[in-house]
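All of these numbers come straight from a predicted model, not from anything done at the bench.
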Amino acid sequence: MSDPRPDPTALLALPLELCARIQASMDAGFNASLIARAEAIAPKQFDAVRLPLVHAWLQHLPEPAAVWARLFAYRDAVDEPLARSVLGEALIQALKSANALQSTNGQLRASLRLMPFAGLLLGSDEVDARFDPVMGPGATTFELWRAVEISDSPRVLDIGCGAGSLALAAARAGAREVVGVDLDPRAVAYARFNAKLNGISNARFEAGDLSAPVAGQRFELIVSQPPFVTQPASVAATTYLHGGRRGDELALRMLSELPPLLGERGRAIALFDSADDEALIDRLTAAVNDPTLRIIAVAAKGLGADQQALGYASTSHSKLGPDYAAAAIAYREHLRELGIERTRHVLVLVERPDSDGAPRFSARVDTDGARLHDAAALTQLRRALDAAALPDAALLQLSVRPSPHALFVHERSLAGTCDDRLRIRFEGGHASDRELSEAAAALIEILAQTHTLTEAVEHYAQMCRATPEQVAASVARFVRESLVNGLLVLERQ
């Protein structure tokens, strides 16, 4: 069987004027806004179910950007005269030569995927290619990029870069130098093509296993979204999808290679799924195995085993036929054997503290829903954990306030059949909802109305008919726990 995938080496050889024509599609409206409108059509459905509606919507749009989206984002067939009027004959022929466009019965279909991301236009393989595809930006890429902050022109490493999405976004955002590494040489060729396509010159890409191509080098920022899907024995392994028998083995091996790569004040951010169990933070800590580093894991709700089985099977069998059914059953039985009924979607931060006296710790913070922290929330969490590690006397010198995302809810049974309940609900899944005792609710109200923790201790002591010295330890304990779980945030000094 011939390889149906595009030849990224041939794409890399495209003349600059044809790269400019592809890039100009973004100015014509083939951008993140158009993709967002298309993705809002029957969201969370398999492509086999939703794409006919997406195609129909795009076919009714008169603008040229819809033709680009039909061909390169949503796998639709486009009549050759219409495609020629938008792309131009020279680009069509060049893409045909690179096996990125195929002509059948007067229609064109693309095996090249083009996707807007972070102001870039990135090429990759189709996700359901019959051969192991090179991945472009997907849902996890957007999630991880939200958590990344590019400051002070850092030197950046992208481990498992795929088509170069995060590496090139970092380069565009102001990184001084960017290196992307990937096991698949086709991924490296794609990343180099995407750098050329977007006019980026401060990024280089190397092929090799995890960090092997950059051994001995150090970076201020490392990003990675390693494959994390479990692999049943009956399912052929793929580079882009499977992370080992349990799913997180490759991610844990990547974490084990981080310590020698992190420069002074270096930071690594990774995103992957792992089994939802109490041993999660222990697995991460054991993998990093360096007591001089801090590890923070933000864990959001992942998928149940049934959803995982259906979703993973559909990536290889998008037509949802008998092969899909067999693969779905194989995934489900495999997860049952492993005892994995649900995963956690985990954003892992590993960092070298900026001073010898800064606390070292491993911490796990769970959030309700599936939404993870963005860069601002991650910075706030790091400050909160630093404060929580302080001794009581130092902690009580700080100023805190209730989270702006927290809502105080008082529930009362109208039938008088149960006691009143006090709880905190967080908007947008910023933290986990929780019930409060009457004492905790009273202390939250005091903290909302006072300017310093010292003042709050005095008010709480009066309420309890005690001295400040008698309640200081309990207030400090409550503040420490509430900073970690997101109920309280530090006032900026």
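- Between Phe30 and Trp68, the two ring planes are parallel [angle under 30°; tilted spans 30° to 60°].
- Thr285 and Ser362 share a donor-acceptor pair across their side chains, judged by distance under 3.5 Å alone.
- Screening Leu16, Leu120, Leu121, Leu18 for a side-chain contact (heavy atoms from CB on, under 4.5 Å) with Gln23, the sole residue that qualifies is Leu121.
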Check against salt bridge (Lys or Arg N to Asp or Glu O under 4.0 Å), Glu249 and Arg253: CA-CA 6 Å; Glu249 290 94 333; Arg253 184 160 68 89; over 6 Å; no

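- Using bins of under 30°, 30° to 60° and over 60° for the plane-to-plane angle, the ring pair Tyr331/His242 lands in the parallel bin.
- In the model, Tyr190 has a side-chain atom that pairs as donor or acceptor with a side-chain atom of Asp125 under 3.5 Å.
- Counted by atom type alone, Ser318 and Asp47 present zero donor-acceptor pairs between their side chains at under 3.5 Å.
- Residues Gln231 and Tyr312 bring no donor and acceptor atom of their side chains to less than 3.5 Å of each other.
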Apply salt bridge (Lys or Arg N to Asp or Glu O under 4.0 Å) to Asp132 and Arg186, showing your working. CA-CA 10 Å; Asp132 200 359; Arg186 289 187 75 253; over 6 Å; no

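- Using modelled atom types, one finds no donor on one side chain facing an acceptor on the other under 3.5 Å when comparing Asp273 with Gln308.
- Side chain of Arg109 to main chain of Leu101: no donor-acceptor pair is present (N/O by atom type, distance under 3.5 Å, no hydrogens or angles).
- A salt bridge between Glu333 and Arg336 is present, with a side-chain N of the basic residue lying under 4.0 Å from a carboxylate O of the acidic one.
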